[in-house]
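A quick write-up on the structure given underneath.
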Amino acid sequence: MGEKSFKKGFLWGGATAANQIEGAYNEGGRGLANTDFLKYVAPNERRADEATFEQTYASLQEAKAHEDTYIFPKRWGNDFYHHYKEDIALMAEMGFSVFRMSISWSRIFPTGFEEKPNEEGLAFYDKVFDECHKYGIEPLVTMLHYDFPLAVCEKLNGFESRETITLFEKYVRTIVERYHKKVKYWLTFNEINAVRGFGPCGTRESDGKVRYQADHHMFVASAKAVILGHQMMPGSMFGAMYAMSELYPATCKPEDMFKRLQARRENWYFIDTMARGYYHPYAKSVWKHHGFDSLEITEEDKEILKEGQLDFVSFSYYRSNTVKKDDPWFNVGGSSNPYLENTPWGWPVDPLGLRHCMNEIYDRIQKPIFIVENGMGAIDQADENGYVEDDYRIDYLQKHLSAMADAINEDGVECLGYTMWAPIDLVSLSTGEMKKRYGFIYVDMDDKGNGTLKRTKKKSFNWMKHIIETNGKALDEKL
Ligand code: BGP
């Protein structure tokens with residue numbers, strides 16, 4: 001393995017999402033979002049296959065009907081809304097040159113349908129971006145990270161309706177006009193390929209034609225955002241974000257390998273269409289597997305997709321999966337992998353898989369890569385001063401960053417930067433827990449929102465600081 005060096009200007013930082021950090025769900029004129037109704041379910045009350053973010057129309061209505069009896073942790077996040085100065089200062093101390101965050105659509109347009117934006121919401125992000133620039137940190141901004149204005153979900157079934165493209169366009173125009181001098185790096189949608197009820201596309205359906213039609217509307221909405229962004233901000237860079245995991249055939253049986261190709265196309269379908277600007281012929285076979293033959297794609301849509309191609313491809317990478325012939329069509333969990341160890345949450349740890357994914361995407365698309373999520377959720381034990389000896393996290397990151405360096409230096413992959421999920425403890429997407437911690441920075445808060453909210457540095461804080469100040473060279477140092 002070669003030296004772990006990075007080009008000057010490589011962007012080092014951390015990634016977050018509005019609904020998992022901001023809190024203040026009813027302050028500053030913000031409207032309700034679907035994520036305000038994702039409830040906390042104690043682990044012992046949870047079904048084995050249940051993730052709290054699998055929100056269906058029925059579960060949303062049920063949560064609304066019993067609003068007083070449930071706990072909704074995404075309403076308070078880690079209270080970044082009131083702590084952003086302190087949090088950004090800590091990130092600056094680590095040497096971050098990029099901070100990935102998202103804008104909450106319902107802070108800007110409370111229901112999504114207003115004609116005029118909410119000035120208080122816009123002013124909040126002005127302050128956040130100014131704070132970043134004070135320290136030379138570039139914001140990397142996700143336009144939509146799972147949180148829709150509630151009314152858009154309920155009235156239009158998210159992106160099922162073409163009208164949502166128009167609403168999204170209005171939102172995009174507003175934020176691009178406002179922040180064109182403050183934000184250069186943008187991501188249109190987070191994990192656009194992940195499917196969970198109201199999840200990324202905001203629809204009730206998680207499969208079938210409705211979902212794929214909604215995805216098509218998102219492709220068009222994303223391309224329109226890219227076109228607008230390029231016009232209004234020359235030099236701006238646009239990506240969209242995909243959930244990636246390494247994927248292996250469970251055995252070397254040809255049928256398992258072929259299944260791997262088919263399952264992988266559930267990722268390529270999204271990346272190819274948005275980064276190349278057209279539907280690849282295999283798209284039809286994907287649709288067929290989901291029970292339909294065609295989508296409503298207009299000639300104008302095709303033109304927009306062509307013009308609004310992404311500048312870079314970004315993805316989240318936490319783990320790998322395996323797949324075999326008889327697994328369900330799109331198998332997220334995968335069979336276990338005897339060659340890998342798991343995190344406490346049962347996620348296989350696979351740094352070489354990251355290097356492979358970077359190569360596979362770069363070979364295919366030949367546009368720069370940006371790794372915008374990678375990290376380790378764990379139960380951290382803080383001492384009385386809030387200090388956590390998180391050697392396991394350092395170990396995980398050291399291995400993944402080294403694999404990333406090898407992809408860049410040995411394999412020639414072009415990579416713009418790396419934002420670790422998440423620099424500061426926040427509410428987990430999949431379980432709604434605070435207990436599943438990712439940060440370099442510990443937040444004194446429990447699953448139910450109790451605590452002082454005090455921020456303290458974990459052991460990994462200084463480790464990451466050292467990696468950044470040596471621009472990666474210290475990855476070769478013994479832990
Ligand atoms: C990604 C999401 C994030 C984030 C992360 C970790 O899928 O984009 O929002 O939360 O996964 O997942 P979790 O919080 O479930 O551990």
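Both counts, for ligands and for their atoms, begin at 1 and track the order of listing.
Remark: R107 qualifies as a cation-pi partner of F124 under the 6.0 Å distance and 45° angle criteria applied to the six-membered ring.
Relative orientation of the F80 and F99 rings is tilted, given thresholds of 30° and 60° on the angle between their planes. Relative ring orientation between W186 and F238 is described as parallel, the plane-to-plane angle staying below 30° on a 0-90° scale split at 30° and 60°.
The distance from ligand 1 to the heavy atoms of N190 drops below 4.0 Å at these ligand atoms: 8 (O). Here is the list of ligand 1 atoms found below 4.0 Å of a heavy atom in Y438: 6 (C), 12 (O), 13 (P), 16 (O). Which parts of ligand 1 touch E191 is read off a 4.0 Å heavy-atom cut-off, strictly below it: atoms 1 (C), 2 (C), 7 (O), 8 (O).
Y362 pairs by the side-chain contact (heavy atoms from CB on, under 4.5 Å) definition with I369, V413, E414, not counting sequence neighbours.
Between the side chains of N359 and H356, no donor-acceptor pair of N or O atoms lies under 3.5 Å.
Between S428, G432, A422, it is S428 that holds the heavy atom closest to atom 13 (P) of ligand 1.
Every N/O-N/O distance between V427 and ligand 1 stays at or above 3.5 Å. For Q20, a nitrogen or oxygen atom sits less than 3.5 Å from a nitrogen or oxygen atom of ligand 1, counting backbone and side chain alike.
Counting heavy atoms under 4.0 Å from ligand 1, residue S430 touches it through both backbone and side chain.
The two atoms that bring R30 and A24 nearest to each other are CD-O, 4.0 Å, heavy atoms only.
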